[in-house]
Amino acid sequence: MNITVYLSAYKGHDTSLNQAVTDLGTWIGKSGNGLIYGGSKAGLMGILAESALAAGGEVIGVEPAIFIDQELQHEGLTQLIVTQDMSERKAKMIELGDAFIALPGGTGTLEEISEIMSRISLGLLQAPCIIYNHHGYYNGLKQLLDHMIEQGRSTKERQSGIRFAESIEDITDYLQIYQDKRNRQDVAER
């Protein structure tokens with residue numbers, strides 16, 4: 001399965017996140033899954049790609065041309081897809097992904113995972129949507145989603161496909177359960 005991961009190109013102040021990102025990349029590589037990410041060599045993006053590659057994983061970066069011009073792309077990827085702009089990048093990452101994870105990031109990460117949350121809640125996408133709430137990073141987003149339900153603007157059923165994970169183990173366990181379920185369905189359909 002291809003796992004699309006949204007995260008920051010900055011390392012930020014919480015250095016414990018570096019190890020969590022490394023652990024996720026290593027798990028993706030060792031588990032035989034592919035990594036789809038933003039294509040940068042900088043910050044957390046670079047750590048994620050390096051760890052997945054070092055573990056033998058396939059890593060596909062999707063990078064807008066503007067970042068190529070700034071030479072921010074990772075040169076050692078399995079494949080680098082260059083898009084015209086951020087909108088095309090976002091569409092390509094969704095097209096390639098079978099599961100979606102948001103790690104702590106900035107406004108770009110928030111925009112990307114928001115589209116996934118919207119598609120899942122509308123029934124337009126059937127895939128895991130996992131938000132890694134490292135040290136409470138996404139507590140505010142979780143509260144906002146709960147507030148939407150309380151105010152009658154959303155429902156628990158619509159948000160049921162959106163998961164908050166408190167650890168990398170939570171993420172990998174959930175993805176493994178999803179993958180096992182998908183494999184059983186594939187066998188049953190044959």
Side-chain angles (χ1 to χ4, degrees), residues 1-64 66-80 86 89-90 93 96-97 99-117 128-146 162-178:
M1 133 173 100
N2 282 331
I3 302 170
T4 298
V5 179
Y6 304 112
L7 73 166
S8 180
Y10 297 104
K11 288 186 179 176
H13 302 301
D14 183 353
T15 57
S16 69
L17 186 55
N18 295 353
Q19 186 60 53
V21 170
T22 299
D23 292 346
L24 179 61
T26 301
W27 179 84
I28 290 171
K30 283 184 177 177
S31 65
N33 293 302
L35 170 64
I36 310 297
Y37 87 114
S40 179
K41 64 183 176 186
L44 296 176
M45 285 190 182
I47 292 170
L48 181 68
E50 285 298 321
S51 59
L53 288 165
E58 180 177 289
V59 179
I60 299 173
V62 184
E63 187 93 51
I66 187 170
F67 293 145
I68 300 294
D69 295 341
Q70 297 173 23
E71 299 183 2
L72 297 174
Q73 74 276 8
H74 192 295
E75 297 292 342
L77 303 177
T78 308
Q79 182 181 3
L80 179 66
M86 295 296 280
R89 173 203 214 180
K90 190 167 59 167
M93 290 175 74
L96 295 173
F100 301 87
I101 301 170
L103 299 181
T107 54
T109 301
L110 183 59
E111 182 216 358
E112 291 165 326
I113 201 63
S114 291
E115 180 160 347
I116 300 302
M117 290 188 300
C129 174
I130 304 168
I131 299 166
Y132 180 35
N133 196 28
H134 180 77
H135 292 170
Y137 189 83
Y138 283 113
N139 281 348
L141 178 58
K142 188 171 187 334
Q143 290 170 347
L144 178 60
L145 292 173
D146 289 342
I162 303 166
R163 309 250 183 195
F164 284 82
E166 301 301 322
S167 68
I168 294 299
E169 292 77 21
D170 289 348
I171 293 172
T172 58
D173 287 349
Y174 182 63
L175 289 174
Q176 191 62 55
I177 290 166
Y178 175 78

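Along the sequence shown, residues carry numbers from 1. Values below: all heavy atoms of this structure, side chains included; hydrogens, waters and symmetry mates excluded.
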Would you check if [X] and [Y] make a side-chain contact, meaning some heavy-atom pair closer than 4.5 Å?
{"X": "Ile116", "Y": "Ile162", "answer": "no"}
{"X": "Leu17", "Y": "Tyr137", "answer": "no"}
{"X": "Ile28", "Y": "Val5", "answer": "yes"}
{"X": "Val21", "Y": "Asn18", "answer": "no"}
{"X": "Lys90", "Y": "Glu111", "answer": "yes"}
{"X": "Leu44", "Y": "Leu103", "answer": "no"}

Work out which heavy atom in [X] is nearest to a heavy atom in [Y]; give both atom names and the distance.
{"X": "Ala49", "Y": "Leu77", "answer": "CB-CD2, 4.1 Å"}
{"X": "Ala165", "Y": "Ile130", "answer": "CB-CG2, 3.8 Å"}
{"X": "Phe100", "Y": "Met93", "answer": "CE2-O, 3.9 Å"}
{"X": "Gly38", "Y": "Glu63", "answer": "O-OE1, 3.3 Å"}
{"X": "Cys129", "Y": "Ile113", "answer": "SG-CD1, 3.8 Å"}
{"X": "Tyr6", "Y": "Glu112", "answer": "CD2-OE1, 3.2 Å"}

Rounded to the nearest 0.5 Å, how far does [atom2] of [Y] lie from [atom1] of [X]?
{"X": "Leu35", "Y": "Leu53", "atom1": "CG", "atom2": "CG", "value": "8.0 Å"}
{"X": "Trp27", "Y": "Ile168", "atom1": "CH2", "atom2": "CD1", "value": "10.5 Å"}
{"X": "Tyr138", "Y": "Thr109", "atom1": "OH", "atom2": "OG1", "value": "5.5 Å"}
{"X": "Leu24", "Y": "Ser51", "atom1": "CG", "atom2": "OG", "value": "7.5 Å"}
{"X": "Ile131", "Y": "Glu166", "atom1": "CD1", "atom2": "CD", "value": "11.0 Å"}
{"X": "Glu50", "Y": "Thr22", "atom1": "CD", "atom2": "OG1", "value": "10.0 Å"}

Do the side chain of [X] and the main chain of [Y] share a donor and acceptor less than 3.5 angstrom apart?
{"X": "Ser8", "Y": "Gly105", "result": "no"}
{"X": "Asn33", "Y": "Met1", "result": "yes"}
{"X": "Arg163", "Y": "Pro128", "result": "no"}

**Item:** Worked verdict on Ile101 versus Leu175 for side-chain contact (heavy atoms from CB on, under 4.5 Å)
**Value:** CA-CA 10 Å; Ile101 301 170; Leu175 289 174; 3.7 Å; yes

**Prompt:** Just checking, any donor-acceptor pair under 3.5 angstrom between side chains of Asn139 and Gln143?
**Reply:** no

**Test log, rule side-chain contact (heavy atoms from CB on, under 4.5 Å), inputs Ile171 and Tyr132** = CA-CA 8 Å; Ile171 293 172; Tyr132 180 35; 3.7 Å; yes

**Asked** Residues in side-chain contact (heavy atoms from CB on, under 4.5 Å) with Asp14, at least two apart?
**Response** Ser16, His134, His135

**Item:** All side-chain contact (heavy atoms from CB on, under 4.5 Å) counterparts of Leu96, not counting sequence neighbours
**Value:** Ile36, Ile60, Val62, Ile81, Lys92

**Request:** Please lay out, stage by stage, how Lys11 and Ile47 fare under the test side-chain contact (heavy atoms from CB on, under 4.5 Å).
**Result:** CA-CA 9 Å; Lys11 288 186 179 176; Ile47 292 170; 3.8 Å; yes

